[in-house]
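A quick write-up on the structure given underneath.
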Amino acid sequence: MTTTHASRLLAWYDRHRRTLPWRAAAGKRADPYHVWLSEIMLQQTTVATVGDYFRRFLGRWPTVDALARAPLDDVLSAWAGLGYYARARNLHACADVVAGRHGGLFPQDDAGLRTLPGVGAYTAAAIRAIAFDQPASAVDGNVERVIARLFAIETPLPDAKAEIKARAAKLVPQQRPGDYAQAMMDLGATVCVPRRPRCVICPLMAGCKARKLGLAEELPRRAPKAAKPTRRGLAFVLARKDGAILLRKRPAKGLLGGMDEVPSSPWREGKFVADQAMGAAPVPARWQILDGLVRHTFTHFHLELTVARATATTGRLAELAPGTTWCTVDRMTERALPTVMRKVIAHAVGN
Ligand code: SF4
């Protein structure tokens, strides 16, 4: 299957490859910096969303050295909206290591790549294959689906991962492994799609077991996910007379680490009690609790924030905790504000 599989897929890729901002022209080798940057951005985020961010990052920081020299806050604010901010902190840390310890050149081997912050097995394989044309097997969600179907693997995910990886690795050709990796990704994204796979136009149709068994649409199976808990809290939007809003910085480690936020009570599961939560207000003020909730979903929990708003009076401002700053609404885009906080501010300003 291997030779036929690879040659059919590559022939298809030569005709149908997607044009992507980080992808090199046919026959050219991609810049490792572009490959790495796009792969980090694409984790948990769609190609359509990543395109603009990728272009903006490259416009601002055309090389890994330039990115390493950028202040972390600038990187975090440019990242705002992509979510999973640990990735942005790792991105900056990784640029620092590549620029400082590797002379601005990405390592080419698995061991070297995996010492870099934020680079795991998948990203290392993707960089090796796409940037250095090495026969590395990069199995992302798209490829996982294609392999599960090709071999009609009925074990549900995540248990099926090891088998899928082993099968995928055996298929990687020695010729054009970089194009092969991208071809598998493209096939999963455009033909072997999650719902209604387009088997009739698929270059791998002849050897696909799921198609023969009529199982294509059902695979890969997934073990049921545990329900996410819901945490609740009270967010405080304190506005000065000139419209500037009080922000503080979150601790460097943990969820949304190092990002800006409006002050809030701790986010806890269980019933929300406004009087209790009010104890976390940044200053005593005439807090008005607004109607409605701001909802946001993180990887491990749903969040429901009630929003309280008040106007700052100069008399009480001396009581503000150190490290808080004021920011006008029109300058918010320059701040490293996560999406949930943008929603909170929009809720307070719009109400
Ligand atoms: Fe996917 Fe259908 Fe192609 Fe099989 S034949 S790989 S199920 S698109």
Side-chain angles (χ1 to χ4, degrees), residues 1-20 22-24 26 30 35 38-39 42-51 121-123 125-130 133-225:
M1 180 176 184
T2 315
T3 319
T4 333
H5 162 86
S7 54
R8 282 193 181 142
L9 189 63
L10 285 166
W12 172 83
Y13 181 70
D14 289 339
R15 272 176 289 131
H16 300 289
R17 68 203 294 277
R18 288 177 295 174
T19 303
L20 299 171
W22 45 87
R23 194 168 265 181
V35 177
S38 64
E39 287 297 340
L42 284 165
Q43 290 165 16
Q44 323 275 353
T45 313
T46 62
V47 165
T49 307
V50 165
Y122 165 75
T123 309
I127 296 171
R128 283 176 59 213
I130 302 170
D133 208 24
Q134 294 176 20
S137 177
V139 181
D140 66 358
N142 281 327
V143 177
E144 207 164 63
R145 182 170 58 255
V146 175
I147 297 289
R149 288 173 175 171
L150 279 178
F151 294 94
I153 297 170
E154 296 206 44
T155 312
L157 287 166
D159 286 357
K161 278 184 184 285
E163 184 182 353
I164 290 175
K165 276 192 185 148
R167 297 273 197 184
K170 283 199 185 138
L171 292 178
V172 176
Q174 294 298 315
Q175 300 293 321
R176 301 178 62 194
D179 283 345
Y180 173 83
Q182 296 173 92
M184 283 292 274
M185 293 172 187
D186 282 15
L187 189 81
T190 62
V191 176
C192 195
V193 290
R195 261 168 280 160
R196 302 210 190 170
R198 304 162 72 200
C199 301
V200 286
I201 58 157
C202 177
L204 306 181
M205 182 173 70
C208 179
K209 289 195 178 154
R211 183 182 168 269
K212 278 189 196 127
L213 296 167
L215 284 175
E217 222 162 325
E218 288 171 41
L219 298 181
R221 300 195 199 288
R222 289 176 200 278
K225 280 191 187 156

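Just so you know, ligand 1 is whichever comes first in the structure, and atom 1 is the first atom listed for that ligand. Note that the coordinates shown come from a computational prediction; the quantities given were computed from them, not determined experimentally.
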Discussion item. Is it the case that atom CZ in Arg198 sees more than 12 heavy atoms from other parts of the structure closer than 6.0 Å?
Written reply: no

Worksheet item: Heavy-atom distance under 4.5 Å between the side chains of Arg149 and Arg211, does that happen here?
Response: no

Fill in: Closest heavy-atom pair and its distance - Ala148, Pro220
CB-CB, 3.8 Å

Item to complete: For residues Ile153 and Leu219, determine if any side-chain heavy atom of one lies less than 4.5 Å from a side-chain heavy atom of the other.
Response: no

Worksheet item: If you count the non-hydrogen atoms of other residues, nucleotides and ligands that lie under 6.0 Å from CD in Gln175, is the total more than 12?
Response: no

Discussion item. So which atom in Ala183 and which in Trp12 form the shortest heavy-atom distance, rounded to 0.1 Å?
Written reply: O-CZ3, 3.7 Å

Practice prompt. Around atom 2 (Fe) of ligand 1, list the protein N/O/S atoms within a radius below 2.8 Å, excluding water molecules.
Written response: Cys199 SG

